[in-house]
Amino acid sequence: MRLSIVTAFPDLIRQYLGCSVLGRGVASGKLDVRVVDLRDHSQGDYRQVDDYSFGGGGMVLMAEPLARAVESLSGEGKPFVVYPSPQGVPLHQELVEDLSRVDHVVLVCGHYEGVDERFVRRFVDLEVSLGDFVLTGGELPAMALVDALARLVPGVVGRGEAVVNDSFYRGFLDHPHFTRPAAWRDDVVPEVLAGGDHGAIEEWRRREGVRRTLARRPDVLARAGLLPYLKHGIYVLQVHHPVRDERGEATVASVAAGELRDMARTCRTYGVRRFLVADPLPAQRDLAKRLQVHGAQGDGAARERGEALGLLKLFPRISRAAAWVREKEKANPLLVATSARPLQGAQHWLGLKRRFLEEDRPVVLVFGAGGGLHDEALRDCEGMLLPVRGGSPDGYNHLSGVGAVAVVLDRFLGWR
């Protein structure tokens, strides 16, 4: 990507671009940044770029010099023009990543009272804000945005994993960092970091990232995928018995080959550890096994479907599935029921997301085939999820099993 910065104070920007990581990135050619002096595009001998505001007030940058500066950068196609402004969209990591995929970004630095609104209407594609406060000019926000974008350019930051572990990149806050000396003013670096056990160090960092996020910024959980921050795995369990029939009585749901195949693919996509099915009928379990064997044959897309079906594991009842997870994970699993109908004590998915992190246990998300989980099945579950709600004005709420699994997994495991 290319970055161009239009400013009436180019020396401020040039000095910043010459230092540290940004300076090395520019010098190596990995960062393509151009600073445009707004006064070079002014009219008259005095290189004037501002004038008094109509209606009274302070000075405002004039539309014509700004327009000329941006037009001078449009030789290879229209650039994407960003104007740092207190009225803009709050800057966040996802927006930075979107901008990093643009070929040419032009940052226009306002000053004084701002810029002529006619320029904004005609040229600006996006206004961004660093927060609910006002600065004397747009140079500092522009430099902040350049810095954030530069970290996403390959080769600018020496260690790529440093970017991946940054706060907000994966949705969680970063873990604490320490350097020498190991003891400073009676404050000692955590022993695990000096022990050399990389597995233990990663586990400590994971727990500290979770702890900090929950304590300081629980609001970011909505866009964070949980998998990198869970010690244990997440499982999906489809229950065929006991489920509800049309009258609400307990019954056995039949195996639907297409549904099993699509659920397995969804589980594989979101990193679910295993896709469990509880069915009391040997004939139906045999049908599911034949589907699994058949899926392993072929090549290309067929083999990918077969890989997903490799996650499938069959049990006669819920308790056997839970016992198997307990043995595999060496920890008592948390079974969470899902339902299209409101359940007593059900929680919002954000509350459950926090609970998964705090309890740090294996999680089994339990879905009912047929008409949904019967009350007998609910007794095996410690947690319950509020129904998935769409935007239908009449309250229509009849997702397919595959659709419900996809929505729920995306809320817990989807990475933003």
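Between F172 and Y229, the ring planes are parallel. Angles under 30° get that label, and only those over 60° would be called perpendicular.
Looking only at side-chain heavy atoms (C-beta outward), M62 and V49 stay at 4.5 Å or farther from each other. For the pair R118/R122, no side-chain contact is recorded, criterion being any heavy-atom separation below 4.5 Å from C-beta on. The side-chain heavy atoms of D40 and R47, taken from C-beta on, include a pair separated by under 4.5 Å. At a threshold of 4.5 Å between non-hydrogen side-chain atoms, the residues V146 and L17 count as touching. Two residues are said to be in side-chain contact when any heavy atoms from C-beta on lie closer than 4.5 Å; E359 and L334 meet this criterion. For the pair F315/L237, no side-chain contact is recorded, criterion being any heavy-atom separation below 4.5 Å from C-beta on. Inter-residue side-chain proximity for D50 and Y112 is flagged as met; some heavy-atom pair is nearer than 4.5 Å. Taking the side chain as every heavy atom from C-beta outward, F80 and M1 never approach each other to under 4.5 Å.
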Audit row: D11, R39, salt bridge (charged side-chain N to carboxylate O under 4.0 Å, His left out) steps and yes/no: CA-CA 13 Å; D11 290 342; R39 297 185 189 278; over 6 Å; no
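Between the side chain of T338 and the backbone N or O of V366 there is at least one donor-acceptor pair closer than 3.5 Å.
A salt bridge is absent between R207 and D360: the closest approach of a Lys/Arg side-chain nitrogen to an acidic carboxylate oxygen does not fall below 4.0 angstrom.
Heavy-atom contacts from other residues, nucleotides or ligands closer than 6.0 Å to CG of D394 number more than 12.
In terms of heavy-atom proximity, D174 sits nearest to R212 at O-CD, 3.5 Å. In terms of heavy atoms, R273 sits closest to L311 at O-CD2, 3.5 Å.
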